[in-house]
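In what follows, chains are A, B, ... by sequence order, proteins preceding strands, each numbered from 1.
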Amino acid sequence: MKVLVEGSARGTVLKSEMPINFLGAVDKKTGVITDRNHDLYGKSVKDSILVFPSGAGSSVGAYTIYALKSGGSAPAGMICRKADLTVATGCAVAGIPLRILDSDRFDAIKTGQQLLLDTA
Amino acid sequence: MHLEESEEAALAGEHGEIMQMAYRILVATGEATDAERLIPIRWAHLSGVNYNTIGGAGEEFLRSISSRGAKVRVRTTLNPMGFDSDSVERYGLGDEFVSGQASIADSYEAMGVTQSFSCIPYEIFEMPRGEQVAFAESNAAIYANSFAGARTNKESAFSALASAITGKSPYSDLRREEEEASNVTVRMSAREPDELTYGMLGYFAGREAGGASSVDISGVSASAMDRRQCKAMCGGMGTSGTCAKFRFVKEGEEEGGNAGNGGGDSGRPETIEFDDDAARKVRDELDTAEKGDVIALGSPQLGLWEMSDLLERLRGRSFKKRCMVFCPRTVKEQARKLDYVRGLERAGCEVLADCCTCLSPLLGSDKVDAVTTNSIKGAFYMNNASGVGVDLKPLAKILEDETE
């Protein structure tokens with residue numbers, strides 16, 4: 001377990017088994033996943049504890065995370081299995097707590113469960 | 001990650017809030033890459049330029065930091081923006097977009113950034129072999145590491161910005177001298193590959209590498225690929241995954257010989273086949289329209305060789321529909337001097353500088369229903385982010401079907 005961005009957040013888990021390309025696959029105004037081939041297609045990341053393997057794709061996704069936060073549509077916190085720079089720095093600038101979990105603990109988390117993410 | 005005294009002070013805010021933000025970003029970057037310290041870089045290339053991608057929030061962020069005195073410390077270049085100022089009035093973009101885009105360009109200029117507006121810095125500037133750089137554009141990072149002998153993380157827009165402002169970046173695995181074998185090898189066995197095949201290979205390999213920072217490729221070597229194919233592969237890989245690098249390995253050496261810890265989950269080397277069937281699956285995912293209203297070439301942007309090659313292949317034929325050709329400003333200027341621009345325009349092309357197929361509002365869903373392109377990277381973003389259908393085919397087929 002590793003803390004990449006400190007902070008505390010509570011919310012309902014929204015979990016994906018697929019990496020997320022924040023630039024190409026998330027609407028920066030609404031937080032809705034727009035990639036038709038993604039397992040969270042049509043769902044909103046807003047106020048969730050977003051759990052997904054890692055970010056992917058465009059480096060500009062960091063700005064998408066910042067824009068989601070500015071517009072009030074960001075996840076409350078994020079958990080990944082693998083650190084990537086787009087998600088790490090997007091969360092760092094937006095102030096969204098981000099934690100990396102090992103595979104076993106990552107696998108144990110289920111969509112819909114309430115989670116308190118407290119990295120302090 | 002260990003910070004020196006002056007770096008700790010900057011993180012604590014003693015050198016102002018801009019430096020503090022930059023060091024916070026570098027610390028998150030360092031933790032994410034398991035780096036032990038920061039090292040100097042000599043060139044940063046920034047993404048986060050197109051108003052379409054960063055929007056009002058990004059525009060305000062850049063205006064805020066530039067007005068508070070943010071300055072870059074090393075040579076810093078920029079990704080494409082949303083349009084070509086020479087012709088923007090012909091495309092009917094809204095005032096909000098044009099003024100938002102102008103504000104972004106002004107903020108970067110105030111920070112001391114070179115206004116290159118290109119996603120192919122490796123083609124328009126000399127690449128410093130063996131040197132540390134910080135490239136945020138994913139295709140450029142992969143190209144720099146895999147073909148050009150420079151070293152960079154697959155930087156994010158913010159990590160590259162922080163590196164530009166501080167002149168430093170975490171000393172991650174990708175920045176080290178020693179080459180580590182990847183846990184994943186993709187064996188290329190698709191037949192008669194063209195640039196579309198290589199784009200799909202990159203897209204496939206990036207996805208199959210599953211969060212790793214590099215992937216090995218067997219069954220093909222760099223010498224068998226032309227520039228267009230190399231760029232397509234980097235563009236495809238940058239779109240789908242987290243890889244910042246690939247290595248060509250010899251057939252037969254991919255299994256059993258890997259003792260590295262490239263980042264796969266199992267820690268055990270794995271070889272995955274990219275054959276005709278795998279290529280067809282990628283194509284089915286991204287080829288979503290029967291035909292395009294307009295043709296778009298250039299994601300990554302075209303270099304001078306591709307402009308000249310396109311003109312030569314046209315051989316006096318003309319496009320039956322609009323064909324937008326995207327390139328850097330410097331390439332457009334050279335192409336104009338060499339009379340390529342006139343030739344291409346005569347064949348029905350619109351030559352556009354400073355922007356690119358990817359997420360340009362010139363190709364938004366309010367303008368077109370579907371676009372014909374040979375770019376996997378362009379196809380992904382048009383399908384998913386722009387809401388535009390894609391008719392995907394290689395350049396040779398585009399020229400065969402769409403010219404007379």
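Both the backbone and the side chain of T86(A) have a heavy atom closer than 4.5 Å to some heavy atom of chain B. Proximity to chain A (any heavy atom under 4.5 Å) is restricted, for S240(B), to the backbone atoms N, CA, C and O. Looking at A56(A), both its backbone and its side chain come within 4.5 Å of chain B, counting heavy atoms on both sides. Looking at N383(B), the atoms closer than 4.5 Å to chain A (heavy atoms on both sides) sit in the backbone and in the side chain alike. Interface residue L62(B): only side-chain heavy atoms are found under 4.5 Å from chain A. Looking at E137(B), the atoms closer than 4.5 Å to chain A (heavy atoms on both sides) all sit in the backbone: N, CA, C or O. With a threshold of 4.5 angstrom between heavy atoms, S70(A) approaches chain B through side-chain atoms but not through N, CA, C or O. Residue contact with chain B, scored on non-hydrogen atoms closer than 4.5 Å, involves the side chain of N21(A) exclusively. Only the side chain of L359(B) comes within contact range of chain A, judged by heavy atoms closer than 4.5 Å.
A centroid separation of less than 6.0 Å is found between the aromatic rings of Y63(A) and F158(B).
Residue Q114(A) holds its CD atom at 3.5 Å from OG1 of T12(A), rounded to the nearest 0.5 Å.
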*Is there a salt bridge (charged side-chain N to carboxylate O under 4.0 Å, His left out) between K2(A) and D34(B) once you walk through the steps?*
CA-CA 11 Å; K2(A) 189 156 80 168; D34(B) 292 320; 2.7 Å; yes
*Worked verdict on R63(B) versus E59(B) for salt bridge (charged side-chain N to carboxylate O under 4.0 Å, His left out)*: CA-CA 6 Å; R63(B) 190 151 36 90; E59(B) 184 265 322; 2.8 Å; yes
*Kindly indicate, with the supporting measurements, whether the criterion salt bridge (charged side-chain N to carboxylate O under 4.0 Å, His left out) is fulfilled by E155(B) and R175(B).*
CA-CA 12 Å; E155(B) 305 291 349; R175(B) 296 193 173 284; 2.8 Å; yes
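Counting heavy-atom pairs under 4.5 Å between each of N50(B), I25(B), N153(B), T53(B) and chain A puts T53(B) at the top. In terms of non-hydrogen atom pairs under 4.5 Å with chain B, the most contact-rich of C80(A), G24(A), S59(A), G71(A) is S59(A).
Stacking of K281(B) on the aromatic ring of F204(B) is not recorded, the 6.0 Å distance cut-off and the 45° axial limit not both being met. In this structure, R36(A) is not positioned above the aromatic face of Y41(A) in the sense of NZ or CZ being under 6.0 Å from the six-membered ring centre and within 45° of the axis.
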